[in-house]
Amino acid sequence: MADQVAEANSAQHQADGRHRSRDLRVVKVIVETDDASSFVLEPPAGDDAFTQYRPGQYLTVKVPSEQTGSVARCYSLSSAPHDPAELMVTVKRTESGYASNWLCDNVVSGTMLTVLPPSGRFVPDSLDSDLLLFAGGSGITPLYSIVRSVLAKGAGAITLFYANRHERSVIFARQIDELMRRHPDRLEVIHWLESVQGLPDAGAIRELAGRRGGHQAFVCGPTPFMDGVTEALQAAGMAHRQIHREVFASLSGNPFEESGRPAVATGIVDKQCGVPTEVELDGETHKVLWPRDRTLVDVLRAKGVDVPFLCLEGKCGSCQAVLEEGNVSMRRNEIFDDQDVAEGYVLTCQAVPEGDGPIRVVF
């Protein structure tokens, strides 16, 4: 048993690699609008996790709290990975948002912020693909990273529909105008101002989807905005698998305080009865026996596999994968709708096996 515990602790250390926290110095604060600021962080030397992220991912930031000690909040990266010297998140105040207000009120150049490495799967498969992007307000943040990356390192063309309340609330207005001037043949931007045009019109979105129906669509913004855009895209005939939504749910737990969650002892996992399972992750294939009372994230962590996860609550989507063979159920799911589940999407921090297998999961 002592050997099993030692092996499990070693596996735990390896499998926590994706989400070890780092203290990063803020080198610059940029006031973007009256209620939004960007924080430029100094990337840690020698840590590829903070420089080789994918456009559309986010950082989890630790914010001090007098009531709980700290809270964890996710903020999209507005920087682009082709510029390794810049690591930037953009935060917009929300009326009742403790963390966003604390950051905007207290962070200055020189402030140290504790963060977890970039995470999330709101990312394009290829920078060479043509994309249709929909941003509502601060939902521009991950899409701005995608736009910059595609234009700098890919061959894709982009149409961006960007909705805001009024002209003063447009985050990155100057930068987006400059990108349009530099790439007139590859970047089309449609600004939609509620003060001028009212709420985004479903007919305009359907018309746009009709012209760009073969593109992959990425949607980020307030929930009513994303729901309206999604309904309009589907009404225009766009397939469910073409539509990607960024969803952030409030975390009831704190990954900065719970990173020591114990892993399952490796020897116990291997010797228990389990369902034969094949997992493809980062180009490697792992074969495990998956016990029926353990989630796939727990099983992989016990094997020392550097599996992506963050909240372990089924809320953030960091651990999502696709079930290609076999049957599983999810203990909890606040990310996927029925169509997602029908297409095989699973939250591996909540998934447990059903039936006798075999099972194949691809991250």
Side-chain angles (χ1 to χ4, degrees), residues 17-30 32 36-61 73-91 113-133 135 138-158 160 171-172 175-176 178-180 182-183 186-187 216-220 244-248 281-284 306-310 316-320 363:
R18 285 182 191 268
H19 58 108
R20 60 189 180 277
S21 64
R22 287 296 194 104
D23 294 330
L24 304 186
R25 185 171 66 90
V26 176
V27 297
K28 189 177 183 181
V29 177
I30 304 170
E32 304 287 359
S37 294
S38 293
F39 305 106
V40 182
L41 306 170
E42 184 176 19
D47 193 335
D48 292 343
F50 286 90
T51 57
Q52 297 183 6
Y53 59 94
R54 300 178 66 187
Q57 292 191 307
Y58 59 83
L59 289 183
T60 304
V61 182
R73 294 293 184 267
C74 302
Y75 295 104
S76 295
L77 285 155
S78 48
S79 53
H82 67 268
D83 184 0
E86 181 183 74
L87 189 69
M88 182 171 76
V89 294
T90 302
V91 179
L113 290 178
T114 302
V115 302
L116 295 176
S119 186
R121 296 183 176 271
F122 185 70
V123 297
D125 291 334
S126 170
L127 299 182
D128 295 326
S129 299
D130 295 337
L131 303 176
L132 181 55
L133 311 180
S138 60
I140 188 62
T141 307
L143 300 181
Y144 180 57
S145 177
I146 292 173
V147 168
R148 294 173 63 189
S149 297
V150 169
L151 295 178
K153 294 297 181 180
I158 298 171
L160 169 63
I171 302 173
F172 307 130
Q175 297 93 321
I176 291 173
E178 176 62 24
L179 289 173
M180 283 194 294
R182 287 163 49 192
H183 304 277
R186 295 179 60 201
L187 176 60
Q216 293 290 307
F218 288 77
V219 187
C220 187
H244 311 271
R245 294 164 49 118
E246 178 65 307
V247 179
F248 288 130
L281 172 63
D282 294 338
E284 296 185 13
D306 194 11
V307 57
F309 73 91
L310 175 61
C316 72
S318 298
C319 67
Q320 75 178 61
F363 281 85

Does R186 reach the main-chain N or O of I158 with its side chain, forming a donor-acceptor pair under 3.5 Å?
->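 Looks like no, no N/O pair under 3.5 Å.
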Donor-acceptor contact present, side-chain R148 to main-chain S78, <3.5 Å = yes
Candidate pair V40 and M88, rule side-chain contact (heavy atoms from CB on, under 4.5 Å), full reasoning = CA-CA 4 Å; V40 182; M88 182 171 76; 3.7 Å; yes
For the residue pair [X] and [Y], what are the closest heavy atoms and their distance?
{"X": "L310", "Y": "C74", "value": "CD2-SG, 4.1 Å"}
{"X": "F363", "Y": "Q320", "value": "CD2-O, 3.7 Å"}
{"X": "V26", "Y": "V29", "value": "CG1-CG2, 4.0 Å"}
{"X": "Q57", "Y": "G120", "value": "NE2-O, 2.9 Å"}
{"X": "D128", "Y": "A155", "value": "OD1-N, 2.9 Å"}
{"X": "I171", "Y": "T90", "value": "CG2-CG2, 4.3 Å"}

Does either side chain, that of [X] or that of [Y], offer a donor lying less than 3.5 Å from an acceptor on the other one?
{"X": "Y58", "Y": "S318", "value": "yes"}
{"X": "S76", "Y": "T141", "value": "no"}
{"X": "S79", "Y": "E86", "value": "no"}

Can you tell me how far apart [atom1] ([X]) and [atom2] ([Y]) are? Round to the nearest 0.5 Å.
{"X": "L131", "Y": "L143", "atom1": "CG", "atom2": "CG", "value": "9.5 Å"}
{"X": "L151", "Y": "R182", "atom1": "CG", "atom2": "CZ", "value": "8.0 Å"}
{"X": "L41", "Y": "D23", "atom1": "CG", "atom2": "CG", "value": "11.5 Å"}
{"X": "S145", "Y": "F172", "atom1": "OG", "atom2": "CZ", "value": "9.5 Å"}
{"X": "E32", "Y": "I140", "atom1": "CD", "atom2": "CD1", "value": "11.5 Å"}
{"X": "R121", "Y": "H244", "atom1": "CZ", "atom2": "NE2", "value": "13.5 Å"}

Could you tell me whether the side chain of [Y] reaches within less than 4.5 Å of the side chain of [X], counting heavy atoms only?
{"X": "L179", "Y": "Y144", "value": "yes"}
{"X": "L113", "Y": "L59", "value": "no"}
{"X": "P55", "Y": "V150", "value": "no"}
{"X": "P142", "Y": "C220", "value": "yes"}
{"X": "T60", "Y": "S119", "value": "no"}
{"X": "C319", "Y": "V307", "value": "no"}
{"X": "H82", "Y": "S149", "value": "yes"}

Residues forming a ring pair (Phe, Tyr, Trp, His ring centres under 6.0 Å) with F122, sequence neighbours excluded =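 Listed in chain order: F218.
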For the pair I176 and V147, evaluate side-chain contact (heavy atoms from CB on, under 4.5 Å) and give the outcome as yes or no after the intermediate values.
-> CA-CA 9 Å; I176 291 173; V147 168; over 6 Å; no
Are F39 and V61 close enough, and set up right, to give a side-chain contact (heavy atoms from CB on, under 4.5 Å), and what steps lead you there?
-> CA-CA 12 Å; F39 305 106; V61 182; over 6 Å; no
